[in-house]
4 protein chains.
Amino acid sequence: MNDPSGFEFAFMNVTTKTLKPRKSPVQARSAASVAALHTAAIQVLTREGLSRCTTTLVAKRAGMSVGSLYQYYPNRDALLATVLEQHLNTVATAVETACQQCRGQSVIHMAEGLVMAYLAAKLHSPDESKALYSVAGERDGARLVAIMHGRMVIAITQMLVSAPDAHFDDPALTAGIALGALSGPVRTFLEGLTAPGFDACLAEQLTLLLQGYFKCCATT
Amino acid sequence: MNDPSGFEFAFMNVTTKTLKPRKSPVQARSAASVAALHTAAIQVLTREGLSRCTTTLVAKRAGMSVGSLYQYYPNRDALLATVLEQHLNTVATAVETACQQCRGQSVIHMAEGLVMAYLAAKLHSPDESKALYSVAGERDGARLVAIMHGRMVIAITQMLVSAPDAHFDDPALTAGIALGALSGPVRTFLEGLTAPGFDACLAEQLTLLLQGYFKCCATT
Amino acid sequence: MNDPSGFEFAFMNVTTKTLKPRKSPVQARSAASVAALHTAAIQVLTREGLSRCTTTLVAKRAGMSVGSLYQYYPNRDALLATVLEQHLNTVATAVETACQQCRGQSVIHMAEGLVMAYLAAKLHSPDESKALYSVAGERDGARLVAIMHGRMVIAITQMLVSAPDAHFDDPALTAGIALGALSGPVRTFLEGLTAPGFDACLAEQLTLLLQGYFKCCATT
Amino acid sequence: MNDPSGFEFAFMNVTTKTLKPRKSPVQARSAASVAALHTAAIQVLTREGLSRCTTTLVAKRAGMSVGSLYQYYPNRDALLATVLEQHLNTVATAVETACQQCRGQSVIHMAEGLVMAYLAAKLHSPDESKALYSVAGERDGARLVAIMHGRMVIAITQMLVSAPDAHFDDPALTAGIALGALSGPVRTFLEGLTAPGFDACLAEQLTLLLQGYFKCCATT
DNA sequence: CATGAATGAGTCTTCATTCAT
DNA sequence: GATGAATGAAGACTCATTCAT
């Protein structure tokens, strides 16, 4: 909510023209409005679901009129896509950073580092993470998911390759499975399907999961 | 003044009254129509997406009129929920059966049996599985997912408890993580985010994943 | 209003798919609805002007709901284009027929025949003719106008060529000017810019106009 | 209870209060801005069409903000009406001047003078002439067209009356037809419905047209 | 005075649902 | 029972106009 450093649009290649905000959030007013719209979108998404997440409702919740929403986004999909992209980008970046830092360490540490970074990013704002699952299922969302997924798989792969204590025959495959194995339980948790107290064990269990997997996969 | 309809959410008793077809598929005609509607719904879902999956379109693709669709389902959501429920039920039942059969076996076999059953059910009709992810994200869908998830976690838990070669401190937790770890990579695969040839390794990798995890979790 | 013979879609090549009625007016009900929409469109066009000729208003005036309008036309432009096309087609056909019949006659008769046919078609329903001028100015309308204009110029040209008592160096040019000279005063009249009683002299004056022009243009 | 505002439609007194720029173009700045707006309006009209000729777009193309536009015009219609009025006024004035100069000459010269003046005015800026047809079809536009048409008919009538070599039974009628006969082909040309090279013959043909007509109409 | 962000009424269009035939 | 035309509420989006800065 207070991120005065401004948004990082590090992945310009990701978005198409039509999905980009109409105005770059340079001016303070614009930035505030855009932020309000993002927050509002997530709230409406959470409370009403994707199909009832209407532009009018989002604008109202953000304290502005529909017209203003369209000053910042060319259409509803662009708004949702931007919110999703921001979220996914945060997660992907966190994973990339963690993978970078874990290079050359043991697979035990790698598993732990990866899990910690992923969880921290994903659970930082559970409502947001949960709400955006529905957006991720839509056409535009799927594209973004694919891109971010790709980034993370690459990062993990490069990390695995650098392991001194293990060799992976198909590191990209292992990375893909590992990422999926991470996201599955996290989604289950975010969607409220787990028993209370589950979150306390989540990090530990996921670390065990990946450590076991990495060990099994490793040759030599 | 008590609710005479007795809305009991027997957790294992999957369906509620409102989500059931109006007709029991006793007559051949009805059964055929319902089946046609299910197939059609999945096709339209696949080709058009959730928001453009309209009742008229589904009915047409099923070779009947909208009016007839409403003969079998009280509304659009009921149709989609039923289709989803059927799918989830198939998967849950497959998992339950496999878990039943693996009781008393080694955790190695358990992992293998669980993975095989889950994959077989999920990949039997990939289009269907993929298409229904969007339905699962909606209000009604989430409820069904929760129910089915619960069934599977219970089944897996009971299986784990019966393992002669391992003891789990919190078998339900382990079961939940295991199920999530299974569904994550499968979803990744179904959503087309994996490299070609991924499916060939999927069963093997998931088995490794669960075996590693089960071993790590087990106390002596 | 009572044209039980149904509409003649003699110029299938004229319309694009998206501008065609969604349903062919085969059934009596459909035909009636389509006719009602045409009439209503012209009325709204006359009373409110093009910009206020909204789909809701047209539907209401036609005694149905918006939804029904969209059962017959894919969008507002298609409705207006169809109405315009019908009108222009009537006029063009009338001119073609007259030109056919006047072939081989003197230019005097040609002028008279052309004027009579054009006027009869154009003044048959003055409100309609007037109302459609605005539609003719829009993108889609301009295309239709161009097509129909082309048809009439060709018809007139072929007629002129057949004149036994005159030779035209550039008959197509003469035909184009003649048609323009006809449509100009008629539009002036329809738009209400002329004094009362003007219509009584219109046929005579236009005949004089064309006769004088044809004589001037003719060589030999 | 009489209308104290005295809305007199002096027919020659072209403009009404509400359609005039709010500022008299005394200051150089205002004059420049108004001129820029006129030019911009025609450009936008040409490129986008009437319905997409928005105030924001016009202002932007004129190098100013919407707010400034409203400094000069009370609303969108007033802007368009003024642009149209200016155009029509130029044409009408040119015709009036020509008719004045042709008084007392032969009908042959009259026809030529009228055609030349009309064409010169109308084709001076073809884009403008064409673009304004759509504006002329709207409510306000029709009123202006009527006024200007009236001025021209009067001018032509007075010219015809002064012809030494011809007598017209109903000179106003003849004038009206002549003006219509002129505007028809010109519109056809401006709307791009004529073959390339048409413009080269336009003056000549229109002169022939009117000369032939005048001769036919004349008594003795 | 200029600016351009904000407003929100008004359009088009879709689609779940009903019901006369 | 089947049909599919009719309904109309609801949502996306535009744009004339205003007004705080």
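Note that the structure is predicted; figures quoted are calculated from it, not measured. Residue numbers start from 1 in every chain, and the chains themselves are labelled A, B, ... in the order their sequence lines are given, proteins ahead of strands.
- In this structure, the CG atom of C:Leu80 is 13 Å from the C1' atom of E:dC12, given to the nearest Å.
- In this structure, B:Val66 and A:Gly67 both approach DNA chain F, and ranking their closest nucleotides by distance from the 5' end singles out B:Val66.
- Annotation: proximity of residues 49-60 of chain C to DNA chain E (heavy atom, distance under 4.0 Å) is found for C:Cys53, C:Thr54, C:Thr55, numbered in ascending order.
- Applying the side-chain hydrogen bond (donor to acceptor under 3.5 Å, both in side chains) test to residues at least two apart or on different chains, the pairs with a partner in residues 46-69 of chain B are B:Ser65-B:Ser68.
- Put simply, CG on D:Leu37 is 11 Å from P on E:dA2, counting in whole angstrom units.
- The 5' end of DNA chain F is approached more closely, in terms of each residue's nearest nucleotide, by C:Ser65 than by the other of C:Ser65 and A:Arg76.
- Atom-to-atom distance recorded for A:Gln71:CD and A:Leu37:CG is 11.0 Å, nearest 0.5 angstrom.
- For B:Asn75 and E:dT17, the CG to C1' distance is 10 Å, given to the nearest whole Å.
- The CZ atom of B:Arg76 sits 11.0 Å away from atom CG of B:Asp140, with the distance rounded to the nearest 0.5 Å.
- Closest to the side chain of D:Met64, out of F:dA6, F:dA2, E:dT3, is E:dT3.
- The separation between B:Asp77 atom CG and E:dT17 atom P is 7 Å, rounded to whole Å.
- Taking a pair as Watson-Crick or G-U wobble with both distances under 3.5 Å, DNA chain E forms stems of 3 or more consecutive pairs at E:2-21 with F:2-21.
- Straight-line distance from the CG atom of A:Leu69 to the P atom of F:dA12: 10 Å, rounded to whole Å.
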Item to check | Chi angles and distances behind the salt bridge (charged side-chain N to carboxylate O under 4.0 Å, His left out) call for B:Asp127, B:Lys130 | outcome: CA-CA 5 Å; B:Asp127 283 345; B:Lys130 186 186 175 186; over 6 Å; no
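- The CD-C1' distance, from D:Gln71 to F:dA16, rounds to 17 Å in whole Å.
- Expressed to the nearest 0.5 Å, how far CG of D:Leu69 lies from CG of D:Leu57 amounts to 11.5 Å.
- Taking 4.0 angstrom as the limit, A:Tyr72 places a side-chain polar atom (N or O) nearer than this to OP1 or OP2 of E:dA6.
- When each of D:Glu128, D:His87, D:Gln43, D:Gln86 is paired with D:His38, the side-chain hydrogen bond (donor to acceptor under 3.5 Å, both in side chains) condition holds for D:Gln86 and for no other.
- Distance check: C:Leu84 CG to C:Glu138 CD gives 10.0 Å after rounding to the nearest 0.5 Å.
- Atom C1' of nucleotide F:dT14 and atom CD of D:Glu48 are separated by 14 Å, given to the nearest angstrom.
- Distance, C:Tyr70 OH to F:dA10 C1': 14 Å, rounded to whole Å.
- For the residue pair B:Ser33 and B:Tyr72, a side-chain donor N or O sits within less than 3.5 Å of a side-chain acceptor on the partner.
- To the nearest 0.5 Å, the span separating CG on C:Leu80 from CG on C:Leu50 amounts to 6.5 Å.
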